[in-house]
Protein chains: 2
Amino acid sequence: MSLKHSLLVLLADRPATGYELSQKYKEAIGFFWKASHQQIYKQLKDLADQGWVTFEEELQAGKPDKKKYQITSKGLAGLRAWLSSEIKPSKTNDALLVMLYGGKHVDDAVLLREVKRHQLLHQKNLQKLEAIESLYLSLDSTQKNSYRLPYLTLKRGLSSERAWLEWSDEVVEVLMAGSL
Amino acid sequence: MSLKHSLLVLLADRPATGYELSQKYKEAIGFFWKASHQQIYKQLKDLADQGWVTFEEELQAGKPDKKKYQITSKGLAGLRAWLSSEIKPSKTNDALLVMLYGGKHVDDAVLLREVKRHQLLHQKNLQKLEAIESLYLSLDSTQKNSYRLPYLTLKRGLSSERAWLEWSDEVVEVLMAGSL
DNA sequence: TTGTCCATGTAAGTGGTTACATGATTCA
DNA sequence: TGAATCATGTAACCACTTACATGGACAA
């Protein structure tokens, strides 16, 4: 149930609308926490009902009104409590590995095609992360220091994508040998 | 919805009871696909309703009756179709990274304690995987060849745990510097 | 003129977790 | 004597996905 807490983390930085928050889940925090806009809007409503956030409505003509959410002291206390609690290890459910594990029921060429498709996705993702890293590295040391914790999460992304790609090269080798 | 397909993969190997299957999710396939026994029993029922598996009941006194499930030709066809389809990349939801990302709201020492706790879990997991690998490596080449695809999934586990641990060493360094 | 961005949601359905239930056997 | 293993589930709840809805602005 950390969608809640990831929203609080973002709101602790600055007030934002649901839309702005949902954008953050397409980069930054989205590299390790995925959420759809439907989920986000619902969770914000629940947080407001709990009194962990409040919002002000900005009226707009022709469009739905904007709701600018901000964290309350109760919300910040809740966030701090969670940050000091035991985090349960994230569970892995990796369908591509299920496919490989049961792969003997289809041709290696079929598996190979799918692994290569995923390789492209991971390569793209790695490039995005590398672009963000070079931005970070160009900051002065005061700014670098203020982003040192988010930078650790970026490093996690870089490390895990690189490890995935190295592994997949090996997989491709094995599958190519099999489909001769 | 790959719990279904992971069950079919296991049943394609040999018939099994729900209990036996749920054991497999504590090792082997469980390293990349987690499922509780409640989920498994329910899914097996659904698969039987669909005609993808059948079962024979073994009556037992004092205990619930055993149901030995086996895959049908319809089930095998369904499995093959899935193995040839596009697998959607697994989504990552990593609460520990959310914690680090928002870590400036608590002391570094608190973060450090939690990261170290997770390190132990990952180390244990790596050891388990290494033990399985040494078993695999002691097989003769015919057997090695028949397990070559499952071995690739094992390698994924090894690679990802090692990458995680390397990253976490860096995290510990940064957090120790911060909590001086 | 098609598509993407802005901006918010509802509703139905699926998948997963947590709590609870039963009861014999075996091991420390 | 208490915990773990065997063996199967139900029920309530929570999280997440997919489909649908609205409608103006602006760019290719």
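Not measured: the values here are computed from a predicted model. The figures that follow rest on heavy atoms only: side chains count, while hydrogens, waters and symmetry mates do not. Order of the sequence lines sets the chain letters (A, B, ...), proteins ahead of strands, with each chain counted from 1.
Mapped onto DNA chain D by nearest heavy atom, A:Ala35 and B:Lys42 fall at different nucleotides, with B:Lys42 at the one closer to the 5' end.
DNA chain D lies under 4.0 Å from at least one heavy atom of each of the following residues of residues 14-34 of chain B: B:Thr17, B:Gly18, B:Tyr19, B:Gln23. Listed by residue number, the members of residues 85-100 of chain A with any heavy atom below 4.0 angstrom from DNA chain C are A:Lys88, A:Lys91.
Of the possible donor and acceptor atoms, one in the side chain of B:Trp167 sits under 3.5 Å from a partner among the backbone N and O of A:Leu152. Under the 3.5 Å distance criterion, the side-chain polar atoms of B:Arg80 are left unmatched by any main-chain donor or acceptor of A:Val106. Using modelled atom types, one side-chain atom of A:Thr17 and one backbone atom of A:Glu20 make a donor-acceptor pair closer than 3.5 Å. In this structure, the side chain of A:Ser6 does not engage the main chain of B:Val98 through any donor-acceptor pair within 3.5 Å. No donor-acceptor distance shorter than 3.5 angstrom exists from the side chain of B:Arg162 to the backbone of B:Leu126, with no hydrogens or angles considered.
Rounded to an integer number of Å, the gap from B:Lys66 NZ to D:dT8 P is 8 Å. Remark: P of C:dT14 and CD of B:Gln50 are 11 Å apart, rounded to the nearest angstrom. Computed from coordinates, the B:Lys68 NZ to D:dC6 P distance equals 14 Å when rounded to whole Å. Atom CZ in B:Phe55 sits roughly 17 Å away from atom P in D:dA7 (whole-Å rounding). Counting to the nearest Å, the P atom of C:dA19 and the CD atom of B:Gln39 are 16 Å from each other. Atom CG in B:Leu44 sits about 15 Å away from atom P in D:dA7, given to the nearest Å.
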Apply side chain to side chain contact (heavy atoms under 4.5 Å, CB included) to the pair A:Asn125 and A:Leu121, showing each step before the final yes or no.
CA-CA 6 Å; A:Asn125 206 33; A:Leu121 302 172; over 6 Å; no
Can you check side chain to side chain contact (heavy atoms under 4.5 Å, CB included) on B:Tyr136 and B:Lys144, steps first, answer last?
CA-CA 7 Å; B:Tyr136 171 82; B:Lys144 267 203 194 93; 3.7 Å; yes
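To the nearest 0.5 Å, the span separating NZ on B:Lys42 from CG on B:Leu47 amounts to 10.5 Å.
At a threshold of 4.5 Å between non-hydrogen side-chain atoms, the residues B:Lys67 and B:Val53 do not count as touching.
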Check: protein-nucleotides 9-12 of chain C nitrogen or oxygen pairs below 3.5 Å:
from  : atom 1 : to      : atom 2 : distance (Å)
C:dG9 : OP1    : A:Lys67 : NZ     : 2.5
C:dG9 : O6     : A:His37 : NE2    : 3.2

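Note on ring orientation: taking the six-membered ring where Trp is involved, the planes of B:Tyr69 and B:Phe55 are tilted (angle from 30° to 60°).
A:Lys4 forms no cation-pi arrangement with A:Trp82, by the criterion of a distance under 6.0 Å to the ring centre and an angle within 45° of the ring axis.
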